[in-house]
Amino acid sequence: MMSTDRLLAFAAMSFLLIVIPGPSVLFVVGRALAQGRRAALTTVIGNTLGAYTLVVAVALGVGSVVERSIVVFTALKLLGAAYLVYLGIKAIRQRRSLQTVFAKGADADGPGAGSLRTLWEGFAVGVANPKTIVFFAAVLPQFVDREAGHTALQMLLLGLVFNAIAVASDSVWGLAASSARAWFARSPRRLAMVGGTGGLAMVGLGVTVAVTGRKE
């Protein structure tokens, strides 16, 4: 259905896009610093589901609408940016609550009541990632062999390749950041700094997403 050369070329281009830290990577790192490894990996799963939702949308023809309409693109981008700022402010306001979590003996890998919420927040960031939207809408269709037929299935397959690479890369970022978090956890002041820094990173990320991207 699709040549190996075409598949490998898409994988190479996807890797180049993914290794450059963007909204999803920075959000995973912020989650790892603020909440630990479990939250970071849950966020990675959410991001992946969000990104694959974009693949499905492109396969169904929605991607071309987003790519051609500056209004739709800008609205989606600003919604994602506003959500990031909201999450960042929330993390800053609750930064001292990390001390209570550790005081009760809960570690970063223990069961968390907020797992579904963390998954949803990761999904929201993944589905509203401007870099990924543009890539799927403008680049992914170029690797489809229309003469081979089954265009939608080809796009879904390419999306799986992209997301497999993204899961591996984002997980490495999250695990590295969560490992650094353990050092901060030894001091109440460091813990508060972790929550504040992670929150500030999310706010800064939201502002960056809002002011960058397509303007024409």
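We use all heavy atoms of the structure for the numbers below, so side chains are in, but hydrogens, waters and symmetry mates are not.
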Return a table of donor-acceptor pairs under 3.5 angstrom between the side chains of residues 49-59 and protein atoms on other chains or two or more places apart.
{"unit_1": "Y52", "atom_1": "OH", "unit_2": "L156", "atom_2": "O", "d": "3.0"}
{"unit_1": "T53", "atom_1": "OG1", "unit_2": "L49", "atom_2": "O", "d": "2.8"}

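- Under the ring-ring contact (aromatic ring centres under 6.0 Å, His included) criterion, F162 pairs with F135, F136, not counting sequence neighbours.
- When all heavy atoms of A32 and S178 are compared, the pair lying nearest together is CB-N, 3.7 Å.
- Follow the hydrophobic side-chain contacts under 4.5 Å out from L160 and you reach I45 in the same cluster.
- Applying the side chain to side chain contact (heavy atoms under 4.5 Å, CB included) test to T42 and every residue at least two apart in sequence or in another chain returns R38, T118, L119.
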Derivation of the side chain to side chain contact (heavy atoms under 4.5 Å, CB included) call for T132 and V127: CA-CA 8 Å; T132 307; V127 80; over 6 Å; no
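- Taking L41 as the reference, R37, S171, L175 meet the side chain to side chain contact (heavy atoms under 4.5 Å, CB included) condition, with sequence neighbours excluded.
- Taking the side chain as every heavy atom from C-beta outward, L7 and L158 approach each other to under 4.5 Å.
- A continuous path of Ile, Leu, Val, Met, Phe, Trp and Tyr side chains, each step under 4.5 Å between heavy atoms, connects L153 with V144, placing both in one hydrophobic cluster.
- In terms of the side chain to side chain donor-acceptor pair (under 3.5 Å) criterion, S14 has no residue partners (sequence neighbours excluded).
- Nearest heavy atoms, V28 versus G174: CG1-CA, 3.7 Å.
- Pairing each heavy atom of R6 with each of F143, the nearest pair is CD-O, 2.6 Å.
- When the side chains of ILVMFWY residues are joined at heavy-atom separations under 4.5 Å, either directly or via intervening members, F123 and V44 end up in two distinct hydrophobic clusters.
- Under the side chain to side chain contact (heavy atoms under 4.5 Å, CB included) criterion, V172 pairs with no residue at all, not counting sequence neighbours.
- Closest heavy-atom contact between A11 and I165: O-CD1, 3.6 Å.
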